[in-house]
Participant: 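Take a look at the following structure, please.
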Amino acid sequence: MDYKTRTRIARILVDDAVAVDSDVTVLGLARTVRRSKGVAFVDVNDGSCFGNLQAVFAPPENFPVLEKILTGAAVRVRGKLVRSQGKGQEYELAADSIDLVGETDASYPLQKKRHSFEFLREIAHLRPRTNTFGAVNRIRSKLSYAIHKFYQERGFYYIHTPLITTSDAEGAGDLFRVTTLDVKNLPMKDGEIDWTSDFFNDQAYLAVSGQLEGEALAIALGDIYTFGPTFRAENSNTSRHASEFWMIEPEMAWAEQEDNWDLAEEFLKFLFTYALEECKDEMDFFGQWIDKEARQTLESVIKADFERISYTEAIKILEASGEKFEYPVEWGCNLQSEHERYITEKALKKPAIVYDYPEAIKAFYMYLNDDGKTVRAMDVLVPRVGEIIGGSQREHRLDVLEERIRKMNPDHMESYSWYLDLRRYGTRPHAGFGLGFERVLMYITGMANIRDVATFPRVPGWAKF
RNA sequence: UCCCCUGUAGCUCAGUCGGUAGAGCAGCUGACUGUUAAUCAGCGGGUCGCUGGUUCGAGUCCAGCCGGGGGAGCCA
């Protein structure tokens, strides 16, 4: 059968690039089939866009295969593109022929009605065929492109950092172990597991961040970014956490924390603008079915100047708020979700960049301020999702960094020797941050659960498909 | 990991006071000249998450376990 002769439905419905009366062939899945005595309709979706193309069959008895076409069947339809005689669509296909390429049966789980997201998660291999998950996956693709576009246009290099690491103390959560040892028969030495006989002659893990390696490349290439998968073995059971997710980590050599703030703000605004302008159909869909305020939320962020406040100022706002928080507020404490939400949703009513956190609650690699009490960390908070970006200006002074490691991770001095080399040879101020891709997608689409913006989500207790 | 909610047909759900299982959709059969979650008539479809307990009798009450969801912590 010839599959090369084909018109993507997006060419017809989105680009409006196919002339009426053209002969077209579409390949796709039958979404619904409606038959009556004189006329039958098959809505075909080929995944190229949100919309279905309605194929019209008259009279149906000339197309006996229609009786075998159920929702979900793969079909090829050939016919003439015409203006629709019915209401509800501009074009339709006056069909000359239809081939049933891949049949389906009554057990096909997807029906012509709304399914719960919980049910669809159990059939993650079929859910991309639905309107919602088709839109999610298309917007995921388009925003991936937008990320590259943003950085490439600004002279950042896309670099790849390792997914396997032997460094277990990057300070960003629990790690998945990578091993080829027989777990039922572990090699022992002096009563301990002998890791030197493992594949890498050492204990190995899946990386929780590419930041440290990213710094090495930034110092060589100037400005870089990573965009790839990352892994956290935290037992986090929330709608915002996944065990495997994609992260964007830009790193700028020759940069201090103000540059970091500017980049973060510009980056988010670029992505939101891109979604609104380049993903119109998907955004209309999300606005109608998922989150009525999706578009408005993005527009307000694009227009807002992000409020830049120090941690100390944030604490003052919280203390003066009169709110009763479950976790009491005092200088030195971690900002809890409820605190972050109050700041961005109630006090400021716009995105906030909070910086200069107490050194005791942040990672060792962050630049120590002259006050000796705070580091140049930054969290970007947005209404509804909370923390969407975390980053910092890095500590580039060798002696200060050594002291910080000695104080916070004394057992790992040895494994950071290469990282200290970056300060030993040609050091300079540099800064960067991490943005969780799925969290951006949640924010843009209004989808409430990270399991529904990841294509095949991995969370504690679930790694199917 | 902690707190709360929840589990009934393929899907979405109802099931009152403890009295022996229901609807819509999907599927099948038929009707219908333009439908669009098509409509109309009919038919088939159940280990009520699992195990145990209370009771003459449990979908319903109790306990434990398992699954799912929401929130918290950790974070992106």
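As the structure is a computational prediction, the values presented were derived from the model and not from experiment. Scope of the values below: all heavy atoms of this structure, side chains included, with no hydrogens, waters or symmetry mates. To find a chain, count down the sequence lines: A is the first, B the second, and so on, and within it residues start at 1.
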Participant: Mind checking A:Tyr327 for me? I need base, sugar-phosphate or nothing, with any heavy atom below 4.0 Å counting as a touch.
Facilitator: sugar-phosphate
Participant: Which value, in whole Å, describes the distance between the P atoms of nucleotides B:C50 and B:G10?
Facilitator: 13 Å
Participant: Could you list the residues that satisfy side-chain hydrogen bond (donor to acceptor under 3.5 Å, both in side chains) with A:Arg129, not counting sequence neighbours?
Facilitator: A:Tyr108
Participant: Output yes when at least one side-chain N/O atom of A:Thr238 is less than 4.0 Å from OP1 or OP2 of B:G70, else no.
Facilitator: no
Participant: Heavy atoms under 4.0 Å, any strand shown: does A:Leu110 hit a base, just sugar-phosphate, or nothing?
Facilitator: nothing
Participant: Can you identify which nucleotide, out of B:A26, B:G70, B:A76, has its nearest atom closest to the A:Ile450 side chain?
Facilitator: B:A76
Participant: In terms of heavy-atom contacts, does CZ of A:Arg76 have more than 12 from other residues, nucleotides or ligands at under 6.0 Å?
Facilitator: yes
Participant: What pairs with A:Gln336 under side chain to side chain contact (heavy atoms under 4.5 Å, CB included), at least two apart in sequence or on another chain?
Facilitator: A:Tyr327, A:Asn334, A:Glu338, A:His339
Participant: If the P atom of B:G59 is compared with that of B:G73, how far apart are they to the nearest Å?
Facilitator: 41 Å
Participant: Using the side chain to side chain contact (heavy atoms under 4.5 Å, CB included) criterion, which residues pair with A:Arg458? Sequence neighbours excluded.
Facilitator: A:Ser243, A:Glu244, A:Phe456, A:Ala463
Participant: NA contact type, A:Thr230, heavy-atom cut-off 4.0 Å: base, sugar-phosphate, or nothing?
Facilitator: nothing
Participant: If you look only at distance, which donor and acceptor atoms sit under 3.5 Å apart when one is on a side chain in residues 59-75 of chain A and the other is two or more places apart or in another chain?
Facilitator:
from: A:Thr71; atom 1: OG1; to: A:Arg31; atom 2: O; distance (Å): 3.2

Participant: Taking the basic N atoms (NZ, or NE/NH1/NH2) and the acidic carboxylate oxygens, is any pair closer than 4.0 Å for A:Asp43 and A:Lys112?
Facilitator: no
Participant: Taking ring-ring contact (aromatic ring centres under 6.0 Å, His included) as the test, write out the residues that go with A:Phe465, two or more places apart.
Facilitator: A:His125
Participant: Report which part of the nucleic acid A:Ile389 touches: base, sugar-phosphate, or nothing (heavy-atom distance under 4.0 Å, all strands).
Facilitator: sugar-phosphate
Participant: Suppose you measure atom P in B:U60 against the same atom in B:G68; what distance do you get, rounded to whole Å?
Facilitator: 22 Å
Participant: When you measure from the side chain of A:Phe245, which nucleotide among B:C75, B:A76, B:G69 comes out closest?
Facilitator: B:A76
Participant: Please report the distance separating the C1' of B:C66 from the corresponding atom of B:U55, rounded so that it comes out in whole Å.
Facilitator: 26 Å
Participant: Applying side chain to side chain contact (heavy atoms under 4.5 Å, CB included), name anything that partners A:Val18, two or more places apart in sequence or on another chain.
Facilitator: A:Thr7, A:Arg11, A:Ile12, A:Ser22, A:Val24, A:Leu81
Participant: Return whichever of A:Lys362 or A:Gly461 has its heavy-atom-nearest nucleotide of RNA chain B closer to the 5' end.
Facilitator: A:Gly461
Participant: Roughly how far apart, to the nearest Å, are B:A76 and B:C4 at atom C1'?
Facilitator: 26 Å
Participant: Can you check nucleotides 31-35 of chain B for protein contacts, nitrogen or oxygen pairs under 3.5 Å, and list what you find?
Facilitator:
from: B:G34; atom 1: O6; to: A:Gln85; atom 2: OE1; distance (Å): 3.1
from: B:G34; atom 1: O6; to: A:Gln85; atom 2: NE2; distance (Å): 2.8
from: B:G34; atom 1: N1; to: A:Glu92; atom 2: OE2; distance (Å): 2.7
from: B:G34; atom 1: N2; to: A:Gly86; atom 2: N; distance (Å): 3.3
from: B:G34; atom 1: N2; to: A:Glu92; atom 2: OE1; distance (Å): 2.4
from: B:G34; atom 1: N2; to: A:Glu92; atom 2: OE2; distance (Å): 3.0
from: B:U35; atom 1: O2'; to: A:Arg34; atom 2: NE; distance (Å): 3.3
from: B:U35; atom 1: O2; to: A:Arg34; atom 2: NE; distance (Å): 2.6
from: B:U35; atom 1: O2; to: A:Arg34; atom 2: NH2; distance (Å): 2.8
from: B:U35; atom 1: N3; to: A:Gln54; atom 2: OE1; distance (Å): 2.9
from: B:U35; atom 1: N3; to: A:Gln54; atom 2: NE2; distance (Å): 3.0
from: B:U35; atom 1: O4; to: A:Gln54; atom 2: NE2; distance (Å): 2.7
from: B:U35; atom 1: O4; to: A:Gln89; atom 2: NE2; distance (Å): 3.0

Participant: Among B:G71, B:G73, B:U1, find the nucleotide with the atom closest to the side chain of A:Asn237.
Facilitator: B:U1
Participant: Checking A:Thr445 now: which residues fulfil side chain to side chain contact (heavy atoms under 4.5 Å, CB included) with it, not counting sequence neighbours?
Facilitator: A:Ile139, A:Phe286, A:Met447, A:Val453
Participant: What does A:Arg451 touch in the nucleic acid at a heavy-atom separation under 4.0 angstrom: a base, only the sugar-phosphate, or nothing?
Facilitator: sugar-phosphate
Participant: If I pick the C1' atom on B:C56 and the same atom on B:A9, what distance separates them, to the nearest angstrom?
Facilitator: 30 Å
Participant: For RNA chain B, what are the stems built from at least three Watson-Crick or G-U pairs in a row, each pair having both distances below 3.5 Å?
Facilitator: B:1-7 with B:66-72, B:10-13 with B:22-25, B:27-31 with B:39-43, B:49-53 with B:61-65
Participant: Which pairs, protein N/O on one side and nucleotides 11-14 of chain B N/O on the other, fall under 3.5 Å?
Facilitator:
from: B:C11; atom 1: O2'; to: A:His115; atom 2: ND1; distance (Å): 3.0
from: B:C11; atom 1: O2; to: A:Lys113; atom 2: NZ; distance (Å): 2.6
from: B:U12; atom 1: OP1; to: A:Ser116; atom 2: OG; distance (Å): 2.8
from: B:U12; atom 1: O4'; to: A:Lys113; atom 2: NZ; distance (Å): 3.2

Participant: Take atom P in B:C13 and the same atom in B:C17, then report the distance between them in whole Å.
Facilitator: 22 Å
Participant: Below the 4.0 Å mark, does B:A76 have OP1 or OP2 next to a side-chain nitrogen or oxygen of A:Ser209?
Facilitator: no
Participant: With A:Phe133, which residues qualify under ring-ring contact (aromatic ring centres under 6.0 Å, His included), at least two apart?
Facilitator: A:Phe117
Participant: Would A:Arg154 and A:Phe150 count as a cation-pi pair here, with the cationic atom under 6.0 angstrom from the ring centre and within 45° of the axis?
Facilitator: yes
Participant: Determine the contact category for A:Ser236: base if any of its heavy atoms lies under 4.0 Å from a base atom, sugar-phosphate if only primed atoms, P, OP1 or OP2 are that close, otherwise nothing.
Facilitator: base
Participant: With a 4.0 Å cut-off on heavy atoms, is A:Arg83 in touch with a base, just the backbone sugar-phosphate, or nothing at all?
Facilitator: nothing
Participant: When all nucleic acid strands are considered with a 4.0 Å heavy-atom cut-off, which category describes A:Ala242: base, sugar-phosphate, or nothing?
Facilitator: base
Participant: A:Tyr151 and ring-ring contact (aromatic ring centres under 6.0 Å, His included): which single residue from A:Tyr145, A:Phe156, A:Tyr158 fits?
Facilitator: A:Phe156
Participant: Name all residues meeting the ring-ring contact (aromatic ring centres under 6.0 Å, His included) criterion together with A:His115; count only those two or more places apart in sequence or in a different chain, and write none if there are none.
Facilitator: A:Phe119
Participant: Rounded to whole Å, please give me the gap between CZ in A:Phe117 and P in B:G68.
Facilitator: 18 Å
Participant: If I pick the C1' atom on B:U16 and the same atom on B:U1, what distance separates them, to the nearest angstrom?
Facilitator: 39 Å
Participant: Measuring to OP1 and OP2 of B:G70, would you say a side-chain N or O of A:Asn449 lies under 4.0 angstrom away?
Facilitator: yes
